[in-house]
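Data first, discussion second: the structure below is written as structure tokens.
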Amino acid sequence: MEKKSKYWRRLDNAAKLFTAASTKRDTRVFRFYCELKEEVRPEVLQQAVERAVGTYPLFLSVMRKGMFWNYLERSELRPVVRAEYKEPCSRLYFKDKNALLFEVTYYKNRINFEAFHVLTDGTGAIAFLRELVSDYLYLAYQEEGLAPITLVPDDVTVQDHEVDSFTKYYSPELGKRKQAKPQAHVLKRVRRENGQLQVGEREVSVKNIVERSRELGVSVSVFITTALLLAIHEEMTKVQERYPVVLMVPVNLRNFFSSESMLNFFNWILPKHKFGRGDDSFEAVLTEVRQYFKEELTQEKMARRMSELISLEVHPVLRFAPADLKNLCIHAGAKFSERESTAVFSNMGPIVLPDSYASYIERFGCFTSTPKLELCVISFRDKMSFGFTSRFDTDNIQRNFYRILEEQKVASGVIEPDFPEPEVPSNLEMTVYKSYTLACLALVLFMAIVGVNLHGQAVAGAADKTAATAKVMTVARALLFAAGGVASMWVASSIGFFKRHNLFKNAVWQLVVISVASVIWDFVTGWHGWSVDYVIPGVSAAVLLTLIVLARVQRRMPREYMFYFMFTACYGMVLPFILVMTGILHMTWVCMICSASCLLFLVWLISFKGREFREEMQKKFHV
């Protein structure tokens with residue numbers, strides 16, 4: 001199998017949505033885990049992870065920001081296994097942070113694999129976890145005679161894994177027909193304290209649920225969908241019945257289109273039932289859901305839904321809109337589309353491993369972060385695991401769901417939640433920053449109030465021409481300037497806080513802020529020209545030198561600093577040149593030296609780093 005991955009790649013259609021829609025509470029992170037029969041050995045798990053990423057090198061990617069779209073770039077970072085230390089499905093992607101988009105942790109007998117949905121979908125996650133678990137078991141038990149196995153066909157290459165199947169099967173003609181979606185019943189419940197994710201798991205016998213589904217003449221997915229629709233309805237009022245209960249059910253498009261891609265390649269259907277308008281029995285809802293699945297799960301309809309989504313991505317106006325503006329619009333659209341479904345149900349299907357490996361495994365499970373209610377189902381041998389997640393302070397719907405299964409002769413057993421206490425509260429950093437902001441604001445207000453009052457008293461007593469009046473005026477001005485200084489300090493430190501994950505970007509932002517702040521201070525103090533004569537060229541040169549030192553000390557690859565070098569050099573060349581040409585400078589030689597130096601640096605950059613320069617421009621400005 002070819003194991004060389006692309007240097008960089010565009011985000012697939014779903015990844016672009018997840019990038020824009022992810023938030024602190026809706027992290028778009030999912031967890032797949034394997035519970036073994038013996039306690040996990042960390043050193044062996046680390047070796048297994050290294051083998052697994054060798055098989056799937058596309059997972060060694062970090063997110064980069066482009067002018068029009070973000071993109072994934074191959075990274076030299078390597079995953080480090082550690083004991084589970086935070087809330088399940090916590091954030092993995094932090095803007096500007098140079099970090100992988102997945103994590104492997106362990107707790108007692110459990111191996112956890114968590115990934116940001118931008119990186120892969122459920123099918124890709126299962127493939128990686130199977131590889132990881134099989135590698136771990138082989139390394140741990142090879143001395144007992146466990147033979148190695150190959151899970152990836154020899155003729156499948158990394159390039160096959162990196163294919164954007166959305167683009168491959170996109171048809172512009174199908175994308176033109178769009179159907180309006182009715183509003184669904186939206187769950188409104190009391191949120192848990194601090195918005196913590198509630199995870200509840202149970203398991204049933206695969207044999208029992210399959211037999212019951214066959215008795216009813218439906219698939220397991222149809223059976224579970226029906227039970228969940230009815231469970232949600234039991235918590236609705238008569239007034240709420242004016243809207244249908246709608247489930248979002250993801251569909252693996254690899255079942256309809258040939259693809260070995262490990263990237264996102266799924267769509268969804270929206271089975272529903274409007275209660276209070278007729279027969280709401282289990283049998284009636286089951287019949288309606290079965291018919292809906294039969295009509296919607298066709299290649300033609302899947303192709304149309306897929307093309308409708310991609311048609312928005314390739315729209316000329318949206319393609320050339322700046323990434324930040326585009327992400328705001330996509331995020332708003334994602335929030336608005338939440339009204340189209342009540343909850344989410346994902347059936348991940350069975351995980352299959354050879355019997356020699358399966359004997360070491362207790363079960364598999366999965367669940368995901370969600371802003372509403374989501375049910376994930378996965379099976380292994382005769383154990384089907386149900387993972388409910390929500391941020392609501394109630395589990396009535398879950399209770400109703402399992403009772404309905406019992407009524408349908410499908411018994412379930414509780415899986416007791418077992419998670420370690422988080423090492424650091426997830427909101428600690430932001431709490432400290434908010435406290436710091438409040439203290440700065442209080443200090444600025446105090447100084448401003450005292451300064452204004454003293455200034456007023458000094459003006460009132462100015463006719464006396466006393467020394468005391470002059471002193472009061474001096475103190476008042478000093479307090480007002482001090483308030484401005486505190487405000488400036490807060491702005492600079494806030495940028496340092498929010499851009500702390502990327503020192504290069506931090507330095508560039510500080511360059512812009514210091515330039516603007518110095519001009520404002522110069523103007524407020526009577527305009528002496530020091531801001532344009534010395535500060536702007538001086539800070540431009542200092543920041544460029546800082547970036548060069550950072551790149552050397554941190555031993556960064558050219559692709560990691562090229563854009564910041566280019567921006568700072570252009571800034572230091574163009575802005576001082578404009579100031580010289582306008583004639584507003586008292587001292588022109590400082591700006592001229594800065595502009596000439598930055599020009600020489602740009603020429604050196606293009607001459608000696610030309611290939612990296614062109615690649616960076618291609619990535620940053622791809623549409």
Side-chain angles (χ1 to χ4, degrees), residues 18 21-31 33 86-91 114 117 183-203 224-250 268 270-273 275 331 334-348 365-378 385-406 412 414-419 421-422 425-427 430:
F18 292 133
S22 65
T23 63
K24 183 179 179 181
R25 293 302 177 199
D26 186 11
T27 62
R28 306 295 170 126
V29 170
F30 51 74
R31 171 183 287 195
Y33 69 86
K86 59 184 178 180
E87 177 184 299
C89 301
S90 296
R91 293 179 76 180
E114 293 189 346
H117 221 321
Q183 180 175 343
H185 166 62
V186 178
L187 295 175
K188 294 181 179 180
R189 298 287 187 276
V190 177
R191 298 275 174 174
R192 298 194 76 190
E193 185 179 0
N194 297 325
Q196 295 176 332
L197 186 70
Q198 175 179 273
V199 180
E201 294 183 281
R202 288 198 182 194
E203 63 181 21
I224 295 174
T225 299
T226 302
L228 187 52
L229 287 171
L230 290 164
I232 293 172
H233 172 247
E234 290 187 14
E235 298 301 310
M236 294 170 61
T237 65
K238 286 293 182 181
V239 174
Q240 291 173 332
E241 287 182 348
R242 62 184 178 183
Y243 296 118
V245 179
V246 182
L247 296 185
M248 176 182 285
V249 180
W268 60 84
L270 298 167
K272 61 182 180 295
H273 181 77
F275 292 90
H331 180 75
K335 292 294 291 183
F336 181 77
S337 65
E338 288 182 5
R339 61 189 285 275
E340 297 172 359
S341 64
T342 308
V344 183
F345 161 51
S346 299
N347 187 353
M348 303 311 305
C366 65
F367 48 82
T368 182
S369 173
T370 179
K372 47 178 72 175
L373 176 77
E374 183 153 351
L375 168 62
C376 293
V377 176
I378 195 168
S385 298
F386 290 76
F388 270 103
T389 49
S390 77
R391 298 191 185 274
F392 302 131
D393 197 17
T394 176
D395 59 358
N396 282 8
I397 292 175
Q398 294 91 312
R399 175 204 62 192
N400 300 341
F401 174 80
Y402 292 118
R403 195 201 67 249
I404 292 171
L405 292 189
E406 293 275 356
S412 62
V414 177
I415 301 173
E416 293 297 335
D418 190 10
F419 302 105
E421 285 294 322
S426 58
N427 60 346
M430 188 54 67

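Just so it is clear, the structure is predicted and the values come from calculations on it, not from any experiment.
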For the student: nearest non-hydrogen atoms of [X] and [Y], plus distance:
{"X": "P244", "Y": "T342", "value": "O-OG1, 4.0 Å"}
{"X": "E87", "Y": "S90", "value": "O-OG, 2.5 Å"}
{"X": "L228", "Y": "F345", "value": "CD2-CB, 4.1 Å"}

Pairwise side-chain contact, [X] with [Y], heavy-atom cut-off 4.5 Å (strictly under):
{"X": "L230", "Y": "H273", "answer": "no"}
{"X": "V249", "Y": "P271", "answer": "yes"}
{"X": "F388", "Y": "D395", "answer": "no"}
{"X": "F392", "Y": "I397", "answer": "no"}
{"X": "V246", "Y": "M248", "answer": "no"}
{"X": "F367", "Y": "P88", "answer": "yes"}
{"X": "I378", "Y": "S346", "answer": "no"}
{"X": "M236", "Y": "V245", "answer": "yes"}

Sequence neighbours left out, what passes side chain to side chain donor-acceptor pair (under 3.5 Å) with [X]? Give chain and number order.
{"X": "E338", "answer": "none"}
{"X": "S369", "answer": "T27, R391"}
{"X": "E201", "answer": "Y33"}
{"X": "Q183", "answer": "R339"}

Rounded to the nearest 0.5 Å, how far does [atom2] of [Y] lie from [atom1] of [X]?
{"X": "N347", "Y": "C376", "atom1": "CG", "atom2": "SG", "answer": "9.5 Å"}
{"X": "Q398", "Y": "T389", "atom1": "CD", "atom2": "OG1", "answer": "9.0 Å"}
{"X": "L375", "Y": "F401", "atom1": "CG", "atom2": "CZ", "answer": "5.5 Å"}
{"X": "C366", "Y": "R31", "atom1": "SG", "atom2": "CZ", "answer": "11.5 Å"}
{"X": "E203", "Y": "S412", "atom1": "CD", "atom2": "OG", "answer": "9.5 Å"}

- Query: Do any N or O atoms from the side chain of S385 and from the backbone of V377 form a donor-acceptor pair under 3.5 angstrom?
  - Reply: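 No.
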- Could E114 and K86 be called an ion pair, given the rule that one side-chain N must be under 4.0 Å from one carboxylate O?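 A salt bridge is absent here (no side-chain N lies under 4.0 Å from a carboxylate O).
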- Hey, is R399 close enough to E235 for a salt bridge, meaning N to O under 4.0 Å?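 Salt bridge: yes.
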- Indicate the ring-plane relationship of H117 and F18, choosing parallel, tilted or perpendicular according to the 30° and 60° boundaries.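 Answer is parallel, since the angle falls under 30°.
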- Taking only residues two or more places apart in sequence or in another chain, which ones pass side chain to side chain contact (heavy atoms under 4.5 Å, CB included) with A343?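 Testing A343 for side chain to side chain contact (heavy atoms under 4.5 Å, CB included), a comparison that skips the adjacent residues, returns I232, L247, L373.
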- Go through the steps for H233 and E241 under the test side-chain contact (heavy atoms from CB on, under 4.5 Å), then give the verdict. CA-CA 8 Å; H233 172 247; E241 287 182 348; 2.7 Å; yes
- Mind checking salt bridge (charged side-chain N to carboxylate O under 4.0 Å, His left out) for R28 and listing every partner two or more places apart, or none if nothing turns up?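 In terms of salt bridge (charged side-chain N to carboxylate O under 4.0 Å, His left out), with neighbours along the sequence ignored, R28 is linked to D26.
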